[in-house]
There are 2 protein chains.
Amino acid sequence: MIVLPCHCMNLRNAARKVSALYDAALEPLGITIAQFSLLRRVERLGPVSLTELGRVTDHDRSTIGRNVRLLEKMGLLAQGKGKDQRETMVTLTAEGRRVLAEGAPLWDACQARIEDRLGLERIAAIADILTAL
Amino acid sequence: MIVLPCHCMNLRNAARKVSALYDAALEPLGITIAQFSLLRRVERLGPVSLTELGRVTDHDRSTIGRNVRLLEKMGLLAQGKGKDQRETMVTLTAEGRRVLAEGAPLWDACQARIEDRLGLERIAAIADILTAL
DNA sequence: ACTGATTTGGTGTATATACCCGCTTATGAT
DNA sequence: ATCATAAGCGGGTATATACACCAAATCAGT
């Protein structure tokens, strides 16, 4: 892949390519790395509102709402009203838990492969970018 | 922004955030950093086919075709048939050249700000990722 | 020259993402 | 209790991106 002068495009291209690798690794699950990551978030946070999910992932609420809806249609997440009738509370389904369990070793392998290819130096740099922004 | 264990999501999030900064910087032009970058590619390569653009940018042909179509509607790019009647040749319009000229200092400023915030170390790491993949 | 394989694009479909607007529900100040 | 304000969501619209499939054009081997 050609390296451009533009740091932004280089980042985008790197994210695109790395995403394709993770997506391929998770292919047996029928979900993408973005969806896998969202499932894990819900697993971690327990019943959680869309707004809260958006806050912790730093995504637009509408983005989260749409992504959750897809996972709901797949039977991996469930939505219900909370005490506050405005809030949509999101929870993991049994099937969602199963997919997470099945996916864990796939994700691990891909993650390890990436660490191998990039080296700890660059891996650390990626994390640093987020904190430096 | 929270740092995740998943290197892929960290890269995606970094790309999302950095893109937002570049997009904001180019906002006076009415185009995004992805579009700006594509315009520059066409400027560099001169009349170029969609397939060739896809190859050099490592994007799917259909993605390029759609992105070019948008820039064509904005009057910044023009499409025409080549000697090979299958090929669509893409060229920069006068207006496209104007936008590139107007955008150059905006891009420069944003690029410099990013270099400042991230430091040359991390900037180099980003470029390295692409070559390491 | 003909025919089968390849190349080039376009379209349909899908995910990921953001912004804006409008509706519903909760909260807080009087 | 009332009413203005704020919070939470959904839907519309838009860009960026990929994959699969189809049609047209070209090319290569006979």
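Any value given below was found using the heavy atoms of this structure, including those in side chains, with hydrogens, waters and symmetry copies removed. Just so it is clear: chains get the letters A, B, ... in the order the sequence lines come, proteins before strands, and each one is counted from 1.
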Using the closest heavy atom to pick a nucleotide of DNA chain C for each, name whichever of A:Arg86 or A:Gln35 lands nearer the 5' end.
A:Gln35
Base of C:dG12 paired with side chain of B:Arg66 (donor-acceptor, under 3.5 Å)
yes
Salt-bridged, A:Arg55 to A:Glu52, with N to O below 4.0 Å?
yes
5'-most by nearest nucleotide on DNA chain C - A:Lys83 or A:His59:
A:His59
Going by modelled atom types, is there a donor-acceptor pair between the base of C:dT17 and the side chain of B:Arg16 at under 3.5 Å?
no
d(CG, B:Asp58; C1', D:dC19) in whole Å
15 Å
Confirm from the modelled atom types if B:Ser62 and D:dC19 form a donor-acceptor pair under 3.5 Å, side chain to base only.
yes
Using a 4.0 Å heavy-atom cut-off, does A:Thr63 contact any base of the nucleic acid, only the sugar-phosphate backbone, or nothing at all?
base
Would you mind reading off the distance between A:Gln85 atom CD and D:dG10 atom P, rounded to a whole angstrom?
13 Å
For B:Ile31 and C:dA18, what is the distance between atoms CD1 and P respectively, to the nearest whole Å?
20 Å
Touch check for A:Arg69, heavy atoms < 4.0 angstrom, all strands: base, sugar-phosphate only, or nothing?
sugar-phosphate
Using a cut-off of 4.0 Å on non-hydrogen atoms, how would the nucleic acid contact of B:Asp60 be classed: base, sugar-phosphate, or nothing?
base
Give the nucleotide from the list C:dT15, C:dG9, D:dT17 with an atom nearest to the side chain of B:Asn67.
D:dT17
